[in-house]
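Bear in mind that the values here come from a model prediction, so they are computed numbers and not experimental data. Each residue takes its place number in the sequence, starting with 1. Atoms within a ligand are numbered from 1 in the order they appear, just like the ligands themselves. Below, each value reflects all heavy atoms present in this structure, side chains not excepted, and no hydrogens, waters or symmetry copies.
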Amino acid sequence: MEFNNLLVEKSDGIATVTVNRPRALNALNEETLGELLACFEGLEADASVRAVILTGAGEKAFVAGADIAAMKDLDAVAARDFALLGHQVMHLIEHLSKPVIAAVNGFALGGGCELALACDIRFAGDNARFGQPEVNLGVIPGFGGTQRLPRLIGKGRAKELLFTGDMIDAGEALRLGLVNRVVPPAELLDAARVLAAKIAAKGAFAVALCKEAVNNGLEMEMDKACRFEADHFALCFATADQKEGMSAFLEKRPANFSGR
Ligand code: HXC
């Protein structure tokens, strides 16, 4: 599929999606959000894709936010539609049946930070900067930042970032648990690829069920969540991968998973 504002490449079961509007620091306008939606729907349907890396074009920004120029003159109805379009994208990424790794290569601000938060795992270059600067613009986050940020790093820390609009560097993001790992910028994509390949070698169905159990279970009461986990665990026993994984262990050989 060809996009105006995205680059997509696939190799060895890993798709790399690059938000590509470097002149606006990869800011998300309606067209780019629509393309992300179409792109991730395509990746969901493509059985050859087992992991996804999401990054930004250029050396300066992952995504510097929603496009401020495009938002400035919106009325309330259009603003809500724009927010809901963003939510659709974030929801699709968060619930994609494949792992999505954000490779944060620079500014991840506002909608850009929210995009990274919707991914499963975040790696950052040591030049990355994170923040929810919406209050500086007289608005609040609109792509899930008030919800995913506190769920990830805790209410108090999230509120400090949300209320001040302050930017933090990659080291502070690591300390807060906002990112999983910080590496030199030149090594970022390779580090993300190594992780993606490692996950892609596992049973794809088991990885998908893990993701679903974490994402959905965290929104439930503990008892219901544990039952949800048990049901997902049981479902694994309907797969060839469970037979293969356990046989391989007992036969002292590496497992060869088929994703079925
Ligand atoms: C539109 C943007 C942009 C954005 C940068 N640009 N961020 N355009 N929307 N979010 C454009 C600039 O206007 C400029 O265009 C070019 O990219 C380079 O940016 P500079 O500001 O010149 O670069 P620099 O001085 O290095 O500063 C980098 C920066 C700054 C600190 C990242 O650009 C910045 O503060 N950007 C805005 C960050 C922000 O507030 N994000 C949250 C947006 S609200 P020209 O044409 O002048 O070269 C949001 C809400 C989400 O995300 C929810 C919506 C429902």
Parallel, tilted or perpendicular: rings of Phe143 and Phe82 (30°, 60°):
tilted
Check step by step if ring pair (Phe, Tyr, Trp, His ring centres under 6.0 Å) holds for His87 and His91.
CA-CA 6 Å; His87 277 296; His91 185 272; 9.5 Å; no
Can you check which of Lys72, Arg80, Glu114, Gln132 brings a heavy atom nearest to atom 51 (C) of ligand 1?
Glu114
among protein heavy atoms, the one nearest atom 9 (N) of ligand 1 is Ile68 N, 2.9 Å
Under 4.0 angstrom from ligand 1, any heavy atom of Met71?
yes
Rounded distance (nearest 0.5 Å) linking atom CZ of Arg148 with atom CD of Glu114
8.5 Å
Is_contact(atom 45 (P) of ligand 1), protein non-hydrogen, under 4.0 Å:
no
Kindly indicate whether atom 26 (O) of ligand 1 is approached by any protein heavy atom to under 4.0 angstrom.
yes
Would you call Glu160 and Arg157 a salt bridge, taking side-chain N to carboxylate O under 4.0 Å as the test?
no
Just so I know, are the side chains of Thr55 and Leu189 near enough to count as touching, which here means a heavy-atom distance under 4.5 Å?
yes
Restricting to non-hydrogen atoms, name the atom on Gly110 and the atom on Pro133 that form the minimum distance, rounded to 0.1 Å.
N-CD, 3.3 Å
Closest by any non-hydrogen atom to atom 38 (C) of ligand 1: pick that one out of Ala64, Ala27, Gly111.
Ala64
How far is atom 55 (C) of ligand 1 from the closest protein heavy atom, and which atom is that?
Phe143 CE2, 3.4 Å
Is atom 48 (O) of ligand 1 less than 4.0 angstrom from some protein heavy atom?
no
Less than 4.5 Å apart, any side-chain heavy atom of Leu178 and any of Leu149?
yes
Would you say Arg129 contacts ligand 1, with heavy atoms under 4.0 Å as the rule?
no
Take a 6.0 Å sphere around NZ of Lys198 and say whether it holds more than 12 heavy atoms from other residues, nucleotides or ligands.
no
Which residue supplies the protein heavy atom nearest to atom 15 (O) of ligand 1, what is that atom called, and how far is it?
Arg23 O, 4.0 Å
Got a salt bridge between Asp169 and Arg129, using NZ or NE/NH1/NH2 to carboxylate O under 4.0 Å?
no
Just which atoms of ligand 1 are under 4.0 Å from any heavy atom in Gly110?
42 (C), 52 (O)
Need the ligand 1 atom indices (1-based, order shown) with element for anything under 4.0 Å from a heavy-atom of Leu137.
40 (O), 43 (C), 44 (S)
Atom 33 (O) of ligand 1: any protein heavy atom closer than 4.0 Å:
yes
With a 4.0 Å cut-off, strictly under, does atom 12 (C) of ligand 1 pick up any protein heavy atom?
no
With a 4.5 Å limit on heavy-atom distance, are the side chains of Met220 and Phe228 in contact?
yes
Heavy-atom contact under 4.0 Å between Ala24 and ligand 1?
yes
Tell me the contacting part of Val139 for ligand 1: side chain, backbone, both, or neither, using a 4.0 Å heavy-atom threshold, strictly below.
neither
Side-chain H-bond candidate by donor/acceptor type, Asn20 with Thr18, under 3.5 Å
no
To check your reading of the model: name the closest protein heavy atom to atom 53 (C) of ligand 1, its residue, and the distance in Å.
Gly142 N, 3.3 Å
Contact atoms of ligand 1, heavy-atom distance to Pro133 under 4.0 Å:
39 (C), 40 (O), 41 (N), 42 (C)
Distance to 0.1 Å, residue and atom name: give those for the protein heavy atom nearest to atom 30 (C) of ligand 1.
Leu25 CD1, 4.6 Å
Can you confirm whether something in the protein, heavy atoms only, sits under 4.0 Å from atom 21 (O) of ligand 1?
no
Side chain Asp46, main chain Ser48, donor-acceptor under 3.5 Å
yes
Verify atom 41 (N) of ligand 1: protein non-hydrogen atom under 4.0 angstrom away
yes
Side-chain H-bond candidate by donor/acceptor type, Glu31 with Asn4, under 3.5 Å:
yes
Residue and atom name of the nearest protein heavy atom (relative to atom 10 (N) of ligand 1), distance in Å to one decimal:
Ala66 O, 3.0 Å
Nearest heavy atoms of Asp120 and Lys211, plus distance in Å:
OD2-NZ, 2.8 Å
Among non-hydrogen protein atoms, atom 24 (P) of ligand 1 lies closest to Lys60 NZ, 3.6 Å
Return the closest protein heavy atom for atom 35 (O) of ligand 1 as residue, atom name and distance.
Leu109 CD1, 4.5 Å
